[in-house]
Amino acid sequence: MKMSVLFSQTLREAPTDAEMPSHKLLVRAGFIRQLAAGIYTAMPLAKRSLTKIEDIMRAEINAIGGQEMSMPVVHPAEVWQETERWYQIGSEMGRFKDKNQRDMVLAMTHEEVVADLTRKEIHSYRQLPVLIYHIQTKWRDDPRPRAGLIRVREFTMKDSYSLDADWEGLDKQYRAHYQAYFDIFHRCGISAIAVKSDVGMMGGKLAHEYMYLTPYGEDTLMLCDACGYSANRQVATFKKAALPEEEPLPTEKVLTPDCKTIAELAAFLNIPAAKTAKAVFMIADIPEGESSVQKFVFAIVRGDMDLNETKLVNALKASELRPATEEEIVAIGAVPGYASPIGLPEKNTYLPVITIVDELIAQSQNLVAGANDAGYHMLNTNLERDYRADLVTDLTSAREGDGCPECGAPFREVRGVEVGNIFKLGTRYSDSLGCTFQNKDGKEKPVIMGSYGIGSGRLLASVAEEHNDEYGLIWPITVAPYQVHLVMLPSKKDDLAMEAAAQLYEDLLAAGVEVLFDDRDDSPGVKFNDADLIGMPIRITVGARGLKEGMVEIKRRNEKEKRMIPLGDALKTVQAEIDALFAEIQATIVKVPYEE
RNA sequence: CGGGGUGUGGCGCAGUUGGUAGCGCGCUGCGUUUGGGACGCAGAGGUCCGCGGUUCGAGUCCGCGCACCCCGACCA
């Protein structure tokens, strides 16, 4: 490609609304342009990289038996109603009506379509196992798109779906993806770690997320350096330090003016925050069939702990969860700032109340809790004796330094970007859409499903995030839009540089090398800066100065050293460099032990 | 959905007490340059986010919207 005709322009300055390095550089280098919040155009350079990333994904999924297909972006609402996700998912789902007023859905993912196909196509165990996949547009109307291509509303995803006759089959396909995903990330030039994750809106039994570690990531991960345990904070469990057991003491109501927070309360009473019980009030929508009921949730955690809303949602099986307002707290008969389940009216006219208590509270005695009386707290409260819980479970968030659930060593907290995920769906979708097959004994059995996704744009942004410096992007050879940036330095005196460069360009193309040829009539500074910004892995410079000696310059983007080589050797030197760069990537592809 | 911020030429920005819009980069033409964002001359390009209001007069003041960004909630 000649730069004189490339549909793209570099910018000296990044737009102010870009913050992450990858976002700024992809915009400055002319890879992406924004159309609206979370909606981007991939310009020709980005498109070439995306195609390479997608080809890598194709190769790896084909290698584990995947069959590529293409499923629609627009779905009738019916299939989403059958799985009830039509009701469970809120504003994030794109819905519209067609001209006949039929409800339609913009695909957020394709489990419904796969399940619909499965129930129509799969009848016998002889047709299983199957692995199908496609690379397709998704729409998720994220409440908060941000960070360039990292978190967008419209995106392209490689999603594969495994169909199996039994759980062993699912496990096999799941493990195949587990390794294939590492191979994909490594081939793209980034490392990622797999962590246990929440199943979220996908449902199912077990899930891993692949995290590219960067401080700009928006997920928080808990890692154990001692035993290798790793999990998203949303689901990370940990060893909770129980306080020494005490004999229950009688409750006592005490005056605690201006103690609306745990910190104020602990300071006023001169006790550690761990000796208090913190009540958090939420309003939950809990689906029941095609409708849902709202409940007022009293969540109780120890004063020194943080409520983990993902754990709470999962414990409640809620579709929506939001903080209760002060008015709502008053409406159920509680006193904001001094509320607790103790002394709460049996009945209220607002909403049914559900009390859910962290397991550590059940092991703690004589905690200070609100008295449901403005300005008063209750000393020595004890679960069971003083109030009852509808549910006792793990409700708190792990933090840096908390004990690993496997070995007790302290957690390290890191940030990451989720670049892929794999789910053991089981029969979540088969059951609701009726995907069954006949086994050898002629018995009807549900198809066992798995689903596996990687966003290609997010992966591109992560590669850009990993590989850049103060001058611009530094693409790994495997995803670079072009392998070589051929810089021609023009001269007014003669056309020698242009002629030599044009000939080399033709020779490189003929040899199958991917070349971006800067044939523009610009000054060297402009050209070198653009080359650094766009970031092709190999740069060749053809200028009058070197040509006098019959030489051209070759330089790797990720190294400082430049080499002068004879013009006649340029082609084979470039080919050797390309091979070396591929070999470097190849060396990073390693077997990763499976950890459940 | 809460909190904060920003909307002026393609990009980055300035615009005073309210007086009819400028700068740098980029773009076009001509000329001089050519190994790390060169220089001269001449140009093009703006419904100042939108609507309403105050005023003789609004980029500027007031009101209501909209868009985008950041933090949180949420989410892949």
Side-chain angles (χ1 to χ4, degrees), chain A residues 9-20 23-24 27-28 30 33-39 89-93 108-109 138-159 197-202 207-212 217-219 232 234 282 309-310 313 319-323 325 416-423 451-459 461-462 471-472 487-494 497-498 520-533 539 541-548 551-553 555 562 564:
Chain A
Q9 198 182 184
T10 56
L11 303 176
R12 193 177 288 214
E13 285 167 295
T16 29
D17 55 14
E19 290 218 333
M20 253 179 120
H23 185 197
K24 286 186 190 172
V27 172
R28 278 193 59 209
R33 293 292 183 254
Q34 184 174 17
L35 179 64
I39 305 179
I89 297 172
S91 57
E92 209 186 331
M93 181 183 285
M108 308 176 71
T109 170
K138 311 285 188 245
W139 172 260
R140 295 184 192 175
D141 200 349
D142 195 296
R144 194 178 158 211
R146 54 177 289 257
L149 293 186
I150 295 291
R151 191 165 147 181
V152 294
R153 297 193 292 168
E154 189 195 285
F155 60 102
T156 302
M157 183 162 129
K158 188 289 304 170
D159 40 328
S197 74
D198 184 41
V199 295
M201 72 164 183
M202 304 299 281
H208 283 89
E209 289 171 338
Y210 291 79
M211 308 297 309
Y212 160 63
E218 52 189 353
D219 283 279
N232 195 305
Q234 291 177 324
M282 312 290 286
E309 291 189 19
T310 303
V313 164
S319 61
E320 296 277 347
L321 188 70
R322 64 169 172 83
T325 63
V417 170
E418 183 183 348
V419 285
N421 53 35
I422 57 178
F423 295 90
S451 94
Y452 317 86
I454 298 182
S456 42
R458 183 177 278 191
L459 181 49
S462 297
Y471 303 107
V487 176
M488 180 278 299
L489 300 180
S491 159
K492 267 282 143 58
K493 298 184 192 73
D494 55 54
M498 186 62 194
R520 299 171 302 173
D521 186 18
D522 267 308
S523 68
V526 172
K527 296 188 162 207
F528 289 133
N529 280 305
D530 274 352
D532 287 344
L533 180 58
R539 189 184 79 191
T541 306
V542 178
R545 200 176 75 183
L547 284 175
K548 272 192 295 195
M551 307 288 267
V552 295
E553 179 199 279
K555 178 185 175 297
K562 307 164 184 173
M564 296 305 290

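Below, read A as the first sequence line, B as the second, and so on, with proteins coming before strands; counting in each chain starts at 1.
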Exercise for review: Begin with the C-alpha distance, continue with both residues' side-chain angles, and end with the deciding distance and a verdict on side-chain hydrogen bond (donor to acceptor under 3.5 Å, both in side chains) for Asp530(A) and Thr10(A).
Suggested key: CA-CA 7 Å; Asp530(A) 274 352; Thr10(A) 56; 2.8 Å; yes

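Ser523(A) comes within 4.0 angstrom of a nucleotide base, judged by non-hydrogen atoms across all strands. Within the 4.0 angstrom heavy-atom criterion, base atoms lie near Gly543(A). When heavy atoms are screened at a 4.0 angstrom cut-off, Asn529(A) is found touching base atoms of the nucleic acid. Counting non-hydrogen atoms under 4.0 angstrom, Arg146(A) reaches the backbone sugars and phosphates but no base. Residue-level contact check: Ala531(A) touches neither bases nor backbone, having no heavy atom under 4.0 Å from any strand.
For Asp522(A) against G37(B), a side-chain-to-base donor-acceptor contact under 3.5 Å is absent. Counting distance only, with no hydrogens placed and no angle test, the side-chain atoms of Arg539(A) and the base atoms of G36(B) include a donor-acceptor pair under 3.5 Å.
In this entry C51(B) has G63(B) as its Watson-Crick or G-U wobble partner, both defining distances falling under 3.5 Å. Nucleotide A42(B) forms a pair with U28(B), judged by Watson-Crick or G-U wobble geometry with both contacts under 3.5 Å. Taking a pair to require two hydrogen-bonding distances under 3.5 Å in either a Watson-Crick or a G-U wobble arrangement, U17(B) remains unpaired.
You'll find that the side chain of Gln9(A) is closest to G26(B), out of C75(B), C69(B), G26(B).
Judged by closest nucleotide on RNA chain B, Val542(A) is the one of Gln234(A) and Val542(A) placed further toward the 5' end. A residue-by-residue look at Asp219(A) and Glu13(A) shows that Glu13(A) has its nearest nucleotide of RNA chain B further toward the 5' end.
For the OP1/OP2 pair of G26(B) and a distance below 4.0 Å, the side-chain nitrogens and oxygens of Arg12(A) include at least one atom meeting the criterion.
Comparing the P positions of U16(B) and G3(B) gives a spacing of 29 Å, expressed to the nearest Å. On the P atoms, C41(B) is 35 Å away from G50(B), given to the nearest whole Å.
Annotation for Leu533(A) and Leu11(A): closest pair CD2-O, 4.2 Å, computed over non-hydrogen atoms.
A salt bridge links Glu553(A) to Arg539(A): one of the charged nitrogens lies within less than 4.0 Å of a carboxylate oxygen.
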